[in-house]
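Computed over heavy atoms, backbone and side chain alike; hydrogens, waters and symmetry mates excluded.
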Amino acid sequence: QVQLVESGGGLVQAGGSLRLSCAASGSIYSINAMGWYRQAPGKQRELVANVISSGITNYADSVKGRFTVSRDNAKNTVYLQMNSLKPEDTAVYYCNAQAVTALTYRTREVWGQGTLVTVSS
């Protein structure tokens, strides 16, 4: 099976930066899309940014110009560079991947455990 492991969350002051990493492991043939969602208390989980297999990126309007998503296909890893952080960015950030398994060659939706990002004023 495919697993996702996130790292890089923590506490940072407003205006600061954090870099999140997510590495996929297991019997992977390919990954069609890989990216990040977040969920704040009392709110629905929302897409933050992702990268599809062609390299095209997508961003939520609230993070455009501040966050950058990148992907290292050789390492099956996706990164989220977060700059100019705001208190509104405080949330649990979840890695997400649409992975094609090497065992069945079928696409499966995979989620990480989540990593907490807290931005203080």
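Judged by distance alone, the side chain of Ser84 and the main-chain N or O of Arg66 form no donor-acceptor pair under 3.5 Å. For the pair Ser54 (side chain) and Ile52 (backbone), a donor-acceptor distance under 3.5 Å is absent. Counting only distance, with no hydrogens or angles, the side chain of Glu6 and the backbone of Cys95 share a donor-acceptor pair below 3.5 Å. Remark: side-chain polar atoms of Arg106 are not paired, donor with acceptor, to backbone N or O of Ala102 under 3.5 angstrom.
A 6.0 Å sphere centred on CZ of Arg108 holds no more than 12 heavy atoms belonging to other residues, nucleotides or ligands. Around atom CD of Gln39, more than 12 heavy atoms belonging to other residues, nucleotides or ligands sit under 6.0 Å away.
Note on ring orientation: taking the six-membered ring where Trp is involved, the planes of Phe67 and Tyr93 are tilted (angle from 30° to 60°).
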**Item:** Verdict with supporting geometry, Asn83 and Ser17, side-chain hydrogen bond (donor to acceptor under 3.5 Å, both in side chains)
**Value:** CA-CA 4 Å; Asn83 299 325; Ser17 299; 2.9 Å; yes

**Message:** Please determine whether salt bridge (charged side-chain N to carboxylate O under 4.0 Å, His left out) holds for the pair Asp61 and Lys64, giving the CA-CA distance in whole Å, both sets of side-chain angles, and the decisive distance to 0.1 Å.
**Reply:** CA-CA 5 Å; Asp61 288 340; Lys64 287 181 179 178; 3.2 Å; yes

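Counting only heavy atoms from C-beta outward, the side chains of Leu4 and Met34 approach each other to under 4.5 Å. Proximity of Arg71 to Ile31: side-chain heavy atoms (C-beta onward) are separated by under 4.5 Å at one or more points. Side-chain contact between Glu46 and Tyr37 is absent, with no heavy atoms from C-beta onward closer than 4.5 Å.
Transitive grouping of hydrophobic side chains (ILVMFWY, heavy atoms separated by less than 4.5 Å) brings Val78 and Val2 into a common cluster.
Cation-pi check for Arg38 over Tyr94 is not met; the charged atom does not lie both under 6.0 angstrom from the ring centroid and within 45 degrees of its normal.
Residues Ala40 and Ala91 approach most closely at N-CB, 3.9 Å, considering heavy atoms. When all heavy atoms of Leu85 and Met82 are compared, the pair lying nearest together is CD2-CB, 3.8 Å. The two residues Val63 and Val48 have their closest heavy-atom pair at CG2-O, 3.7 Å.
Partner Leu80 forms a side chain to side chain contact (heavy atoms under 4.5 Å, CB included) with one of Leu18, Thr68, Leu20 and no other, that one being Leu20.
Once rounded to the nearest 0.5 Å, the distance linking CD1 of Ile28 with OG1 of Thr101 reads 9.5 Å.
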